[in-house]
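Right, one structure below, let's go through it.
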Amino acid sequence: MLEIKNLYSGYKELHILFDVNVKVNKNEITAILGPNGSGKSTLLKSIFGLTTIFNGEIVYEGRDITRIPPHSKTKLGIAYLPQTENIFTNLSVEENLKISGYTVSPDIYQERLELALSMFPELETKLKRKAGTLSGGERQFLAIAMALVRNAKLIMLDEPTAMLSPKFASMMFDRIKFLRDELKLTILLVEQNVLKALDISDRAYMLIGGRVVFDGKAKDLVNHEKFDQLCIGYTL
Ligand code: ADP
Ligand code: MG
C-alpha cells in the first residue's frame, strides 16, 4: 500500500534519515521501533510531507506522493497523528469530529460518526465537553476517531500510548488491533513499548541513527540475536 524507497530526509539542510526503505502492506500493522532520536517521528513526518526530502521516493497505492502537500495526502486517505497536539483543545469533542469530517457528505458523516463512537464509546457521553478536558487516553481516542470520520485508510500513529496509564495503553493496543482486524485499515505504528507493539504487529522496522538496521516479521525481531542490545533504554 505504501512504499518508501531510498529515502533521505531531514529539516532544512540537516540530514536525519539515510537510505530508508520501508514497505507497509495493506491491512497490516507495521511497527517502527528504535531509540529516542533515531528518526521515527521524522519518518512519519516525511511520509506526510512535513520535512525536506533530499532523495528517494514515497509511493502510495501505486502513485508517487513524494512531493505532494499534507492536505492532498489527507484526501488520499492518509492520516498522520502526531504524538501531541492532534486535536483542537478549545473545541468540543463533537466539533472536533465535525471539522474532521467536513469533506464527507452528511449521510456518510453520520455513518462514520456512529462507527467511530461505537469503537470509542468513552467519547459518546462527552460530545459536548471541550476536548481539552479529556484525559490523555481519551484525547488519543478522539484523534483516531477523527481519522475514522474522514475515512482514512492508512493511519500513522506516533507513540499513541506514550504518557498513558497501563490500563489505557492496553485499551489502545486492543483498539489498534480492532482497526486492522475489524475495519481492515492499515496502520503504521511508532511505539516505545517494544514488546506490546511487536505483539500486535505483522512487520517491524528498527531504526538507529536514521538508518534501518532490521526489518522483517514482528515475531522474528523478538528472536533477533541483537534484540536485547537494540532495546537498551526501552520499556520492556
Ligand atoms: P524519534 O521520533 O525517533 O525520537 P525524531 O525523528 O523526533 O526521533 O528525531 C530525530 C532527530 O531529528 C533528532 O536528532 C532530533 O533532534 C532531530 N529533529 C527532530 N525534529 C527536528 C526539527 N524540527 N528540526 C531540526 N531537527 C529536528
Ligand atoms: Mg518521536
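Side chains included, hydrogens not; waters and symmetry mates left out as well; all remaining heavy atoms used. Numbering of ligands and ligand atoms starts at 1, following listing order.
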Within a distance under 4.0 Å of any heavy atom of [X], pick out the atoms of ligand 1 and give their elements.
X   : result
N36 : 4 (O)
T42 : 5 (P), 6 (O), 9 (O), 10 (C)
P35 : 3 (O)

task = Tell me how many protein N, O or S atoms are closer than 2.8 Å to the Mg ion (ligand 2).
result =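 Total protein N/O/S atoms under 2.8 Å from the Mg ion (ligand 2): 1.
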ask   = Of all the non-hydrogen atoms in the protein, which one sits nearest to atom 14 (O) of ligand 1, and at what distance?
value =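 Protein heavy atom at minimum distance: G37 O, 4.2 Å.
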Which residue and heavy atom of the protein sit nearest atom 19 (C) of ligand 1, plus the separation =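 Looking only at protein heavy atoms, the one closest to atom 19 (C) of ligand 1 is Y11 CE1, 3.5 Å.
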Check whether any side-chain N or O of [X] sits under 3.5 Å from a backbone N or O of [Y] as a donor-acceptor pair, and report yes or no.
X    : Y    : value
E138 : S135 : yes
S46  : T42  : yes
R175 : M119 : yes
R112 : V104 : no
T161 : L164 : no

inquiry  = Using a strict threshold of under 4.0 Å (side-chain N to carboxylate O), is an ion pair present between K128 and E94?
reply    =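 Salt bridge between E94 and K128, a charged N being under 4.0 Å from a carboxylate O: yes.
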task = Run the salt-bridge test on K26 and E61 with the 4.0 Å N-O cut-off and return the result as yes or no.
result =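 Result for this pair is yes, salt bridge flagged.
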message = Checking side-chain polar atoms at under 3.5 Å, does Y11 have a donor or acceptor matched by the opposite partner on K45?
response =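 Short answer, yes.
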Side-chain donor-acceptor pairs under 3.5 Å in residues 205-220, sequence neighbours left out?
from: Y205; atom 1: OH; to: K23; atom 2: N; distance (Å): 2.9
from: Y205; atom 1: OH; to: K23; atom 2: O; distance (Å): 3.4

ask   = Can you tell me how far the NZ atom of K40 sits from the CD atom of Q192, to the nearest 0.5 Å?
value =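 K40 NZ to Q192 CD: 8.5 Å, rounded to 0.5 Å.
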request  = Mind checking whether L207 contacts ligand 1 via backbone (N, CA, C, O), side chain (CB onward), both or neither, at a 4.0 Å heavy-atom cut-off?
outcome  =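 It is neither part, as no heavy atom is under 4.0 Å.
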Per atom 7 (O) of ligand 1, closest listed option by heavy atom (S46, G209, S41) =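 The nearest heavy atom belongs to S41.
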message = Regarding ligand 1, does I16 bring an N or O atom to under 3.5 Å of one of the ligand's N or O atoms?
response =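 I16 vs ligand 1: no N/O contact under 3.5 Å.
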message = Is it the case that ligand 1 has an N or O less than 3.5 angstrom from some N or O of G39?
response =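 There is such a contact, yes.
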query = Is there at least one protein heavy-atom neighbour under 4.0 Å from atom 11 (C) of ligand 1?
reply =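 So far as the 4.0 Å threshold goes, atom 11 (C) of ligand 1 is in reach of a protein heavy atom.
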ask   = Looking at atom 16 (O) of ligand 1, would you say a protein heavy atom lies below 4.0 Å from it?
value =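 No, there is no protein heavy atom closer to it than 4.0 Å.
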request  = Identify, with sequence neighbours excluded, every residue that meets side chain to side chain contact (heavy atoms under 4.5 Å, CB included) alongside A147.
outcome  =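 In terms of side chain to side chain contact (heavy atoms under 4.5 Å, CB included), with neighbours along the sequence ignored, A147 is linked to A79, L81, R150, A152, I155.
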request  = Please name all residues satisfying side chain to side chain contact (heavy atoms under 4.5 Å, CB included) with I99, sequence neighbours left out, ordered by chain then number.
outcome  =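 For I99 the side chain to side chain contact (heavy atoms under 4.5 Å, CB included) partners, ignoring immediate neighbours, are F88, L91.
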request  = Answer with yes or no whether S38 contacts ligand 1, where contact means a heavy atom under 4.0 Å from a ligand atom.
outcome  =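 In this structure, S38 qualifies as a contact of ligand 1 - some heavy atom is under 4.0 Å.
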